[in-house]
Amino acid sequence: FQNRIYPGVSGGGLRLDGFRHDEARDRLQTHVTQTLEPGFRFWYGEERIDVPAELIGVNDPDLSRDLIRYDVEQAVNEAYALGRNAGVTSDTFTRLSLLIRRANLRLEPQVNRAVIEQLLQEEMSERMVMAEDARLEIRMVSGTQELDVRVTPEREGRMGHVAQAVDTLLAQAEQLSFQPITIQSTVMRFESASLSIPVFLLPDAASGHAPQSPGRPSRAFMRKRFNA
C-alpha cells in the first residue's frame with residue numbers, strides 16, 4: 001500500500017482504501033457533487049419547496065455560491081495519514097485496528113445558513129397566514145334608528161419554523177445524507193377565555209358623520225370585552 005490509503009478507511013461513507021491520494025480525492029469529490037446535485041427538499045404541509053445546492057449568478061456566473069460545500073482535500077489528507085508518520089509502533093497498531101474496525105472520516109460541511117433561511121422564508125411568505133382578532137362593526141342605518149351590526153370571526157394563523165428545519169438540514173449535511181425535511185408549523189390563535197373585540201362605530205352613510213350620543217360626542221373607536 002505504498003502511496004495508497006490503507007485498508008479500512010472511508011470518507012463521508014465512501015470507501016477510499018487502496019486508492020492513491022489523487023484518485024481518492026477525485027472519487028470523493030464526485031461522490032459529494034452527485035449527493036448535492038438534487039438540492040434539498042422541504043415540505044410545508046402539502047407544499048413542496050426545493051432549494052438548489054448552488055445559486056447561479058444571473059448576470060455573472062462567477063458570483064455563483066454553494067449553499068453547502070465540503071473540504072474534500074482536507075478529508076483525503078486525513079485518510080492518507082492514517083497509519084503513517086506517527087511512529088512504527090503507533091502506525092502498526094493503527095493499521096491492525098483498521099482491519100478490525102473501519103474508520104469513516106467525517107466531512108466537515110460549510111453551510112451558508114443565512115441564505116438558506118432567506119430562500120425558505122421567501123418561498124413560504126405567501127403560505128403563512130397571519131392570525132386576526134374578531135371584529136365587530138356597528139353602522140347606523142341612514143334615516144332610521146336601526147343599527148347594522150357586522151361580526152367578523154377570528155382567524156387562526158399559521159407560522160412555519162424555518163430555523164428548526166435548517167437545523168435538521170445541518171445535521172444531514174454532517175452525515176452527507178439528505179432526506180426530505182418537514183417544516184413544522186404552529187397554529188396561532190387569540191386567547192378565547194377573555195376575548196377583547198374591537199367595536200367600530202362607523203359614520204352614517206348619508207351624513208358621513210358618526211352618530212352622536214346624548215350629552216357627549218361619539219367616539220370612532222370603542223372596545224368591549226366578551227368573556228367566554
Side-chain angles (χ1 to χ4, degrees), residues 1-43 48-58 60-120 123 161-184:
F1 282 86
Q2 184 176 3
N3 298 325
R4 296 179 183 272
I5 296 175
Y6 283 112
V9 180
S10 298
L14 183 71
R15 295 191 62 158
L16 301 176
D17 39 5
F19 291 95
R20 298 180 185 274
H21 188 284
D22 57 341
E23 294 172 338
R25 182 189 61 233
D26 294 343
R27 175 176 168 82
L28 186 55
Q29 184 61 64
T30 299
H31 175 60
V32 169
T33 300
Q34 291 176 345
T35 302
L36 294 177
E37 186 176 6
F40 318 111
R41 176 160 296 176
F42 297 84
W43 287 95
R48 189 182 77 186
I49 302 175
D50 291 324
V51 176
E54 180 184 14
L55 294 181
I56 307 297
V58 176
D60 187 354
D62 292 336
L63 297 179
S64 299
R65 292 178 292 176
D66 293 324
L67 298 185
I68 297 180
R69 61 182 304 179
Y70 296 88
D71 191 343
V72 172
E73 186 71 29
Q74 178 63 30
V76 173
N77 289 340
E78 293 177 4
Y80 186 79
L82 282 177
R84 289 184 171 87
N85 306 324
V88 176
T89 302
S90 179
D91 287 344
T92 300
F93 178 78
T94 298
R95 292 196 291 268
L96 290 175
S97 298
L98 290 172
L99 295 176
I100 300 173
R101 184 174 182 179
R102 298 188 62 84
N104 182 28
L105 299 178
R106 179 170 169 267
L107 287 173
E108 188 69 32
Q110 301 174 20
V111 182
N112 197 331
R113 180 181 186 122
V115 174
I116 295 175
E117 289 190 358
Q118 179 183 351
L119 290 173
L120 287 176
E123 287 290 335
H161 299 288
V162 172
Q164 186 181 63
V166 177
D167 286 341
T168 302
L169 179 65
L170 265 61
Q172 294 184 1
E174 292 178 353
Q175 302 300 320
L176 192 58
S177 178
F178 299 97
Q179 302 295 328
I181 298 172
T182 299
I183 301 176
Q184 301 297 329

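Since this is a predicted model, take the numbers as computed values, not measurements. Only this structure's heavy atoms are used, side chains among them; waters, hydrogens and symmetry mates stay out.
- Expressed to the nearest 0.5 Å, how far CG of L14 lies from CG of L107 amounts to 9.5 Å.
- Counting only heavy atoms from C-beta outward, the side chains of I49 and F40 never approach each other to under 4.5 Å.
- Counting only heavy atoms from C-beta outward, the side chains of L55 and L119 approach each other to under 4.5 Å.
- What you find for V88 and T92 is that their closest heavy atoms are O-OG1, 2.8 Å.
- Between A103 and L82 the shortest heavy-atom distance is CB-CD1, 4.1 Å.
- To the nearest 0.5 Å, the span separating CD on Q74 from CG on L105 amounts to 10.0 Å.
- In terms of modelled atom types and a separation under 3.5 Å, the side chain of R27 and the main chain of R15 share a donor-acceptor contact.
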Donor-acceptor pairs are to be reported for all side-chain atoms of residues 162-181 against protein atoms at under 3.5 Å, with residues two or more places apart or in another chain.
unit_1, atom_1, unit_2, atom_2, d
D167, OD1, R113, NH1, 2.7
D167, OD1, R113, NH2, 2.8
T168, OG1, Q164, O, 3.3
Q172, OE1, Q179, N, 2.9
Q172, NE2, Q179, O, 3.4
E174, OE2, R106, NH2, 3.4

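- Atoms CD and CD, on E123 and Q118 in that order, are 11.5 Å from each other to the nearest 0.5 Å.
- Scanning for side chain to side chain donor-acceptor pair (under 3.5 Å) contacts around S97 gives an empty result, with sequence neighbours left out.
- Of all heavy-atom pairs spanning R84 and Y80, the tightest one is NH1-O, 3.0 Å.
- The two residues P7 and L99 come nearest to each other via the heavy atoms CB-CD2, 4.1 Å.
- Here the shortest heavy-atom pairing between L16 and A79 reads CD1-CB, 4.1 Å.
- When side chains are defined from C-beta on, Q110 does not count as touching D66, because their heavy atoms never get closer than 4.5 Å.
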Going by atom type alone, with no hydrogens or angles, which donor-acceptor pairs under 3.5 Å involve a side-chain atom of residues 18-25 and a protein atom two or more places apart or on another chain?
unit_1, atom_1, unit_2, atom_2, d
H21, NE2, N77, OD1, 2.6
E23, OE1, R20, N, 3.0

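- The 12-atom threshold is exceeded at CZ of R4, counting heavy atoms of other residues, nucleotides or ligands nearer than 6.0 Å.
- Within the 4.5 Å cutoff, the side chain of D17 has no heavy atoms near those of the L98 side chain.
- Between Y70 and L28, the closest side-chain pair of non-hydrogen atoms is not below 4.5 Å.
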